[in-house]
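The structure under discussion appears below in the form of structure tokens.
If you're wondering where the values come from, they're calculated on a predicted model, not measured in any experiment. Every heavy atom of this structure was used, including side-chain atoms; hydrogens, water molecules and symmetry mates were not.
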Amino acid sequence: MTSQMSLRQRKKLATRSALSHAAWSLMAEQGLDAATPEAVAEAANPGTSGVSR
């Protein structure tokens, strides 16, 4: 499936995966309140504009 995806689509998928992983990790380690968009963005490193509330 990924072989038919464009580079942009693959990058978006990778960013979403990194954000999801970072959010779940923060919630598991520090609780739900610690998983703010800013904290998730910092942990996943896509920049704050890639994270919506």
Side-chain angles (χ1 to χ4, degrees):
M1 181 166 133
T2 58
S3 63
Q4 296 177 345
M5 296 172 70
S6 69
L7 176 60
R8 181 176 182 206
Q9 290 171 319
R10 291 191 308 265
K11 284 185 173 185
K12 286 173 82 172
L13 183 62
T15 298
R16 287 183 184 144
S17 178
L19 288 169
S20 178
H21 179 73
W24 283 107
S25 293
L26 279 171
M27 285 188 286
E29 294 169 5
Q30 300 175 12
L32 182 60
D33 291 335
T36 64
E38 294 80 12
V40 172
E42 185 176 327
N45 200 21
T48 55
S49 63
V51 180
S52 61
R53 292 188 178 256

Looking only at heavy atoms, which two atoms of [X] and [Y] are closest? And how far apart?
X	Y	answer
Ala44	Leu19	CB-CD2, 3.7 Å
Ala35	Ala23	CB-O, 4.2 Å
Asp33	Thr36	O-CG2, 3.6 Å
Gln9	Gln4	OE1-O, 4.4 Å

Under the rule for side-chain contact (heavy atoms from CB on, under 4.5 Å), what residues qualify as partners of [X], not counting sequence neighbours?
X	result
Leu7	Arg10, Lys11
Ser20	Trp24
Ala34	Gln30

